[in-house]
Amino acid sequence: MKKLVVCNQKMLLARDEAKLLRKALDDVDLSKINFIVCPSYINLDVFKGYNLGAQDAFYEDKGTFTGEISAYQLSLLNVKFVIIGHSERRMFDNEKVINAKVKAVLRNSMTPILCVGETKTDKSLRRTSEVIKRQLETALSGVVLDDTQEIIIAYEPVWAIGSGKCMQKEDIEDTILYIKKILSMLEISNYKIIYGGSITPKTIENIRNELVDGYLIGNSSVVLDDLNMIIKCIK
Ligand code: PGA
């Protein structure tokens with residue numbers, strides 16, 4: 001199976017920069033991976049023709065919610081994936097909201113990319129398993145997938161995101177197996193698990209492993225040379 005490569009462009013690109021990246025991306029061989037690009041809302045159209053993801057979505061379909069963008073609205077723009085519960089957004093959303101967002105994404109026929117992961121403090125207090133279990137249980141509470149639906153779990157240790165610190169392969173594997181166990185307890189079987197956090201041309205060699213279905217790439221996803229090197233290493 002082709003590995004998923006999800007590019008989280010965060011808020012890193014102005015429109016002109018996004019257009020330049022799009023042009024350059026068109027010359028990259030993406031045939032051996034399953035490539036998903038998650039631009040800022042305002043740059044979604046720039047990446048038309050690619051598998052499109054959004055970086056968040058509001059849970060109500062329509063209404064008086066100034067400044068919000070709903071999963072429903074995104075689905076009309078040909079968005080197929082939505083990142084939910086990214087650690088850079090969890091400070092605005094409690095777990096109930098994250099659960100509602102996951103359901104809204106599924107309701108609108110898109111695939112949620114649900115981010116889970118421990119902070120540095122959780123790690124030092126050896127609370128990783130407990131935190132991940134709680135995040136999965138709350139976000140997926142009441143979620144029942146039909147045969148056509150899937151969920152992507154992105155395991156991203158918060159301390160690894162944007163820090164240049166990469167997790168040991170063995171630790172990633174242990175956590176992936178743990179996530180699989182929790183998903184089975186929750187009776188969720190249509191899923192993929194990807195890993196993210198400081199994936200760069202330098203770290204990918206150490207991180208790369210067979211247990212994961214793919215990778216979530218942040219900062220390196222907007223630097224074409226870096227992205228190219230990472231993709232070559234993955235496939
Ligand atoms: P990073 O970001 O690759 O820059 O660490 C990953 C993410 O935020 O999803």
Side-chain angles (χ1 to χ4, degrees), residues 3-14 17-18 21 25 28 33-41 43-44 47 50-57 79-93 98 101-102 105 111-120 122-123 128 131-132 135-136 139 151-169 171-172 175-176 179 191-209 212-234:
K3 294 283 183 197
L4 276 171
V5 173
V6 181
C7 294
N8 175 14
Q9 295 187 350
K10 308 186 185 236
M11 201 180 67
L12 292 166
L13 298 179
E17 295 165 323
L21 180 63
L25 256 185
V28 176
I33 54 169
N34 194 348
F35 188 76
I36 299 168
V37 59
C38 305
S40 297
Y41 296 128
N43 291 333
L44 278 168
F47 292 88
Y50 285 86
N51 288 322
L52 278 182
Q55 297 175 18
D56 193 22
V79 169
K80 302 285 182 224
F81 302 85
V82 185
I83 298 173
I84 299 293
H86 190 281
S87 64
E88 287 156 13
R89 291 221 58 89
R90 275 191 187 257
M91 62 191 110
F92 307 115
D93 291 346
I98 291 174
K101 288 184 171 183
V102 167
V105 171
T111 300
I113 301 174
L114 173 67
C115 298
V116 297
E118 76 284 5
T119 61
K120 199 172 158 195
D122 296 329
K123 185 176 184 281
T128 299
V131 166
I132 287 174
Q135 288 175 339
L136 287 170
I151 184 152
I152 298 171
I153 306 294
Y155 171 49
E156 293 204 296
V158 180
W159 53 268
I161 295 176
S163 67
K165 292 194 184 112
C166 90
M167 200 173 189
Q168 297 297 317
K169 198 187 258 184
D171 293 338
I172 297 177
T175 314
I176 300 289
I179 291 173
Y191 63 81
K192 292 200 172 65
I193 304 179
I194 62 176
Y195 175 81
S198 288
I199 296 182
T200 66
K202 273 195 194 139
T203 60
I204 186 67
E205 269 301 337
N206 296 328
I207 291 170
R208 198 173 51 159
N209 76 71
V212 298
D213 298 307
Y215 304 89
L216 178 49
I217 307 169
N219 285 281
S220 297
S221 75
V222 299
V223 181
L224 191 78
D225 287 349
D226 287 358
L227 183 61
N228 227 334
M229 281 192 265
I230 294 168
I231 288 171
K232 279 191 184 132
C233 188
I234 291 171

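One-based numbering, in listed order, for ligands and for the atoms of each.
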Nearest 0.5 angstrom please: I207 CD1 to Q168 CD, how far?
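I207 CD1 to Q168 CD: 10.0 Å, rounded to 0.5 Å.
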Just verifying a value: how many Å separate K101 NZ and R89 CZ, rounded to the nearest 0.5 Å?
5.5 Å
Under a 4.0 angstrom heavy-atom cut-off, which atoms of ligand 1 come close to [X]?
X	result
L216	9 (O)
I161	2 (O), 5 (O), 8 (O)
H86	7 (C), 8 (O), 9 (O)

Side chain, backbone, both or neither: the part of N8 lying under 4.0 Å from ligand 1 by heavy atom
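The part of N8 near ligand 1 is the side chain, not the backbone.
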Has G197 got any heavy atom lying under 4.0 angstrom from an atom of ligand 1?
yes
Ligand 1 contact by S198, heavy-atom criterion under 4.0 angstrom
yes
Considering only non-hydrogen protein atoms, determine which one is nearest to atom 4 (O) of ligand 1 and report residue, atom name and distance to 0.1 Å.
N219 ND2, 2.6 Å
What protein heavy atom lies closest to atom 3 (O) of ligand 1? Include the residue and the distance to one decimal.
G218 N, 2.9 Å
Can you tell which of I36, V6, I161, I152 makes a side-chain contact (heavy atoms from CB on, under 4.5 Å) with L216?
V6
From CA spacing to verdict: salt bridge (charged side-chain N to carboxylate O under 4.0 Å, His left out), D213, K3:
CA-CA 5 Å; D213 298 307; K3 294 283 183 197; 5.6 Å; no
Distance-only, no hydrogens or angles: does the S221 side chain make a donor-acceptor pair with backbone N or O of C7 under 3.5 Å?
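Checking the backbone N and O of C7 against the side chain of S221, no donor-acceptor pair under 3.5 Å is found.
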When you compare the side chains of N206 and T203, does any donor N or O come within less than 3.5 Å of an acceptor on the partner?
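There is no such pair (donor and acceptor under 3.5 Å, judged by atom type) between the side chains of N206 and T203.
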Is the charged tip of K123 near the ring of W159: under 6.0 Å from the six-membered ring centre and within 45° of its axis?
yes
For atom 7 (C) of ligand 1, which of Q9, K165, E88, E156 has the closest heavy atom?
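Among Q9, K165, E88, E156, the closest heavy atom to atom 7 (C) of ligand 1 belongs to E156.
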For K10 and ligand 1, does the shortest N/O to N/O distance drop below 3.5 Å?
yes
